[in-house]
Amino acid sequence: MATLEKIRKKSVLLFIVIIGALLAFILGDFINQGRNLFGPGDTVAEAKGAKVDFNSYKERAAQMSDQLKNNPQYANVSQEQIEAQVINDLLLEKLFEEEYESLGITVTDKQISKLFFDPQYAPSTFQYLMQQFGQMATQLMQTGIVDTRSYADAMKNPGKYQLNEEFAAALTNVWQTLEKNADDQLKQQAYSQVIGGLFTANQVDAKALYNDRNTTTNFAYVRKDFSAIPEKDIKITDEDYQKVYDERKGAFKIDEEARVVKYIVANIEPSPADHEAAAKDAAAFEQDLLANEGTAEALKNHKNFKANIGKYTRAKLAGNSALRVLLAGGNAANDSAAAPGAIGVGMVKAIPSMPGTYKFAKVTGQDTGIDNVKFSGMQVPATAADTIFNKLTLANFDSIAGMYGGFAAQELSLVENAAGISANLAERLANNEIGQIFYLTDTIQNQDKDGKTVKEAVKSAFVITERSMPEAVYDVSLMDYTVIPSTATVRDINSKLHAFVANNGNAKAFTENAKKNGYTVQQAVVSPSTPSIGNARNSRVAVKWAMNADKGAVSGVFGEKSNNNYIMVVAVEDIFDGEYIPVTSELVKEQLKPIVMANKKAEKVINQYKGKAKDINGYASAMGETVATSDATFGDNNIPAIGFNELVVLGKVAGAKPGAVVGPFQGNNAVYVIKVNNAKTAGRPYDFKEDSANFNQMISSAIMSNPLKLLLGDEKVENNILQFTADEE
């Protein structure tokens with residue numbers, strides 16, 4: 001009865017829990033349906049009827065991130081930048097598919113089959129397929145997968161090649177991915193040919209391009225830089241801005257609502273107090289290293305330092321920019337290392353490093369070893385070893401090894417890399433006779449066709465071709481510490497920025513009072529498609545806030561709960577929802593000011609010297625400059641001694657008659673007066689076929705340089721990514 005009474009008392013609570021869970025489920029379902037009814041649903045971006053769905057976007061972004069994460073060239077690319085590129089790529093793919101369908105561009109099974117099975121292409125295709133499996137490629141080839149036909153057979157009959165279904169699926173996935181890539185490339189090639197065919201050079205086009213690229217004009221010029229004119233002497237009016245704006249209005253076209261934001265980035269970095277504490281810790285750490293055997297005691301007492309242990313010969317130390325300091329000798333815990341150039345166990349050296357980083361090296365042991373061995377080898381299943389190895393000789397070893405996925409003349413350091421091979425092999429490589437084949441038997445783990453782990457006996461054959469002499473090997477511990485901000489420093493940085501925001505709650509005060517509070521205000525334009533604000537990585541959450549905020553609003557502090565090395569605050573200065581950012585915007589005026597200033601300075605110089613001389617020498621005298629000469633080819637964007645992108649100079653030279661004085665006129669950074677001396681053509685004669693092909697290629701490349709813009713025309717991209725961006729907690 002007591003138990004029943006407890007159940008009755010708790011039944012009300014249980015009912016509430018059940019109803020609460022049910023309401024949460026219904027509400028969640030309503031919210032999801034609401035997104036579909038009133039928002040973008042699962043559409044991340046849309047343009048001209050083509051849609052990028054959320055799942056495709058996330059899957060492709062994850063794939064691209066994996067591909068780039070180990071590439072140092074893309075180390076500074078943020079996840080938001082990757083995702084923005086993915087949206088463009090997926091939209092482009094879908095728009096191209098619509099183009100292919102409308103133009104009737106298809107790829108036949110015969111074309112794809114030729115790539116995989118035609119003797120001309122199949123070897124390269126097979127090599128590509130194997131590369132996708134990395135080190136496992138050797139094992140695959142040992143099962144009998146040696147070309148594209150056996151690869152295709154293994155996908156259908158994995159048991160025949162001792163592969164499980166999971167591995168067969170991996171084979172199929174790689175094959176299908178290559179098929180899709182080939183299909184895309186062939187369609188793209190056909191499309192490019194169609195587009196290129198729309199622009200076919202005639203005799204006039206081809207001859208004009210030939211003349212431009214094959215005529216070099218020698219000319220004399222006088223140059224007067226206008227950069228020396230002080231800006232205070234130049235008055236810029238709104239009409240000046242309007243004139244340049246009208247000429248360059250296309251640069252300020254916006255395809256979606258945009259906002260000008262001012263922002264402050266406060267870097268989370270060590271304070272002077274942090275650096276002072278680190279310097280004291282490093283000095284004490286060095287004394288502990290000298291006073292104690294090994295490194296364990298010092299590392300225990302100074303937990304900021306981390307250690308990496310390696311083995312080095314004198315040559316390897318000399319080749320290591322950090323550790324070659326050990327070769328200088330001295331500064332050791334024992335007398336054996338005191339002499340210059342001597343290395344002894346116990347030696348400690350402080351290594352010069354970047355400010356904020358402390359590094360020490362300590363020699364903790366000494367032995368002898370062989371630094372380099374060159375050898376060939378291969379591994380085969382034990383059941384086939386006798387048949388294969390009976391054919392081996394020194395003369396055919398490398399060729400037979402290559403047939404079975406082996407290697408030839410591989411170099412290995414038994415000092416640095418011995419941990420990567422078995423102790424048995426390392427010993428044999430160190431002691432066996434050079435030029436003699438030797439064999440090893442081992443057991444490896446593999447998977448059978450049912451996916452179960454099984455042990456497989458394998459045999460290996462090796463032959464040593466070269467080996468260095470034994471020499472001294474030193475165990476060296478490299479210990480380092482990079483100063484990081486303390487908890488107190490992080491707290492102070494956060495508190496200061498929070499206080500600034502609290503006292504400057506509008507964009508005007510935010511901008512005016514930043515400098516006196518020790519902050520630098522930066523400016524950026526953001527839109528729904530903007531991956532981040534300025535160079536602040538992982539700041540799309542701040543973009544989302546800005547796109548939803550009112551003009552003049554100031555945000556809270558972003559970044560406190562992230563792993564970024566900064567915090568930031570944003571203010572919305574202006575909002576643009578028209579077709580162009582207006583000339584009245586301070587942002588536009590900031591971008592136009594250098595151009596307007598250059599125009600006004602050039603106008604001043606031109607008015608000063610115009611008509612003051614009749615020949616080039618007279619202008620040189622009037623301007624206080626000397627006459628120089630150069631050569632210009634209209635098809636080349638570089639004029640020797642003048643520079644790149646002096647397009648006005650190129651045009652004036654191309655249009656001037658020999659002997660005529662042209663100018664003064666404005667260039668990029670100077671006012672010029674020119675006189676054409678002569679023109680000469682290159683030795684290659686005009687050839688319509690060659691020059692028309694050059695013209696077609698030039699036009700086609702220019703058109704296809706921005707394929708997304710080409711396909712969209714006047715249509716705009718509706719980017720909904722901010723609706724899938726979580727707010728910062």
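Numbers for residues simply follow the sequence, beginning at 1.
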Go through L95 and K48 one step at a time and tell me if the side chain to side chain contact (heavy atoms under 4.5 Å, CB included) criterion holds. CA-CA 8 Å; L95 290 169; K48 207 175 179 180; 4.0 Å; yes

Just do the salt bridge (Lys or Arg N to Asp or Glu O under 4.0 Å) check on E83 and K58 with the steps written out, would you? CA-CA 8 Å; E83 291 170 354; K58 291 302 290 183; 3.8 Å; yes

How far apart are the C-alpha atoms of Y619 and Y609, what are their side-chain angles, what is the distance that settles it, and do they pass the ring pair (Phe, Tyr, Trp, His ring centres under 6.0 Å) test? CA-CA 8 Å; Y619 273 109; Y609 296 108; 8.1 Å; no

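- Side-chain contact annotation: D89 with Q85, donor-acceptor N/O pair under 3.5 Å present.
- Using cut-offs of 30° and 60° on the angle between ring planes, the pair F54 and F724 is parallel.
- Side chains of Q79 and N538: a donor-acceptor N/O pair is absent below 3.5 angstrom, by distance only.
- The side chain to side chain donor-acceptor pair (under 3.5 Å) contacts involving residues 641-660 comprise N637-N645, where partners must be two or more places apart or lie in separate chains.
- Every side chain to side chain contact (heavy atoms under 4.5 Å, CB included) that I575 has, sequence neighbours left out, goes to E257, R259, K551, V572.
- With sequence neighbours excluded, the residues satisfying side chain to side chain donor-acceptor pair (under 3.5 Å) with K262 are E573.
- For residues 512-532, the ring-ring contact (aromatic ring centres under 6.0 Å, His included) pairs, not counting sequence neighbours, are F500-Y519.
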Test V569 against F510 for side chain to side chain contact (heavy atoms under 4.5 Å, CB included), laying out the working first. CA-CA 10 Å; V569 61; F510 177 92; 3.5 Å; yes

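- Between the side chains of S532 and E80, no donor-acceptor pair of N or O atoms lies under 3.5 Å.
- Listed by chain and residue number, nothing satisfies the side chain to side chain donor-acceptor pair (under 3.5 Å) test with K716 (two or more places apart in sequence, or in another chain).
- Residue K600 places its NZ atom among more than 12 non-hydrogen atoms of other residues, nucleotides or ligands, all under 6.0 Å distant.
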Run the side chain to side chain contact (heavy atoms under 4.5 Å, CB included) check on L178 and F116 step by step: do they pass? CA-CA 10 Å; L178 180 55; F116 283 90; 3.8 Å; yes

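- Within 6.0 Å of the CG atom in N506, the count of heavy atoms belonging to other residues, nucleotides or ligands exceeds 12.
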Assess whether ring pair (Phe, Tyr, Trp, His ring centres under 6.0 Å) is satisfied between Y128 and F126, documenting all intermediate values. CA-CA 5 Å; Y128 172 84; F126 179 70; over 10 Å; no

Which donor-acceptor pairs under 3.5 Å do side chains of residues 242-254 form with protein atoms, sequence neighbours excluded?
{"from": "Q242", "atom 1": "NE2", "to": "D246", "atom 2": "OD1", "distance (Å)": "2.9"}
{"from": "Y245", "atom 1": "OH", "to": "I581", "atom 2": "O", "distance (Å)": "2.7"}
{"from": "K253", "atom 1": "NZ", "to": "D255", "atom 2": "OD1", "distance (Å)": "3.3"}

Walk me through whether F558 and V541 qualify under side chain to side chain contact (heavy atoms under 4.5 Å, CB included). CA-CA 8 Å; F558 294 106; V541 63; 4.1 Å; yes

